[in-house]
Amino acid sequence: MSTPPSLPDGLRDVPLGDNGLRGWQVDTPLCRALVSAQGGQVLAFQARGREPLLWLSPAAHLAPGKAIRGGIPLCFPWFGPHPSDSRQPAHGFARLREWQLAAARLDADVLHLELALQADAGTRDLWPHDFRAVLRIGFGHHLSLQLEVANRGSAAFDFSLAFHSYFPLVDSCQARIEGLAGSICLDQLDPARHQRRQHGPVRFEGETDRIFTGVSADCLLLDEARDSAVRLLASGCRSVIAWNPGPEKTARLVDMPASAWQGMACVESGNVGEDSVSLPPGAVARFALTLQQEP
Ligand code: BG6
């Protein structure tokens, strides 16, 4: 294993919880943030003078091999349940594995982290492909993420991915997503799983679980009760997923307080379903997301 890079000013290695997880604390003139090595998951981000950008459940599990509820989990190499084997972890294994710090630098007060995850015996048991994933995160006035996936094997492979962003809201029932009206979505709560067209903005009225494919993936999450918004600017992404567990599902989630669904929503950017990616041997694919708080 290569020697970890030295940490620049503004970056500290920190323990996360009491179960042996580790992460990095970012503290620069522009922002504060927290990243978990497990999952390469940004757990918190706050630009100076701004409200916190991300929601992290106060009951989140911080333990090896457990998904952390909040921040920006990375779903890879599949999204949702495994397509054929229900014993496999939901949303793939990337959010459950430890990512290695490959590079870290501070440039004009923007802190850049590069984290890497590559195939090993454990990932090949779950997904028999030789890949290397690199997640580059830029912590400045805004938060930006870029995921690069390389196929290092001799055969093509298919994968799905999502930046599964959790956002805090004053009241999820008074929030909406602009940018998806007229798009086709799969409503995961419809037992018949019919596709339908979205009329007007997406609203979170109770449980909401909609997958939009074939869209531009740029959208705006408005928190009407606070009159603020987050703009999601994505590239290489053609899918958006809108999720809020609502009261009944939240009651079944052990890592979310009962009323927490009212104070959060997920707007996820990636490539899932018919937008899944096929990567030939030797090829590299890139996906990026920038989150900008407005006004
Ligand atoms: C969303 C899915 O992306 O993630 C939902 O559309 C799912 O169906 C949700 O319930 C949370 O998944 P998990 O595995 O983190 O509980």
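Counting starts at 1 for both ligands and their atoms, in listed order. Quick caveat, the model's predicted, so the values are computed rather than measured. Residue numbers start at 1 and run along the sequence shown.
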Worksheet item: How far apart are the C-alpha atoms of Phe76 and Phe131, what are their side-chain angles, what is the distance that settles it, and do they pass the ring pair (Phe, Tyr, Trp, His ring centres under 6.0 Å) test?
Response: CA-CA 11 Å; Phe76 172 85; Phe131 73 95; 5.6 Å; yes

Practice prompt. Could you go through the side chain to side chain contact (heavy atoms under 4.5 Å, CB included) check for Trp99 and Leu135 one step at a time?
Written response: CA-CA 9 Å; Trp99 290 59; Leu135 178 65; 3.7 Å; yes

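Side-chain contact between Phe79 and Ile241: present, with at least one pair of heavy atoms (C-beta onward) separated by less than 4.5 Å.
Contact detail for Val35 and Leu115: the closest heavy-atom pair is CG1-CD1, 4.2 Å.
Around ligand 1 you find Arg69, Phe79, Ala90, His91, Arg95, His164, Gln188, Asp209, Ile241, Trp243, Lys249, Glu268, each with a heavy-atom distance below 4.0 Å.
Using cut-offs of 30° and 60° on the angle between ring planes, the pair His164 and Tyr166 is parallel.
Side-chain N or O atoms of Gln118 include none that pairs as donor or acceptor with a backbone N or O of Asp120 at under 3.5 Å.
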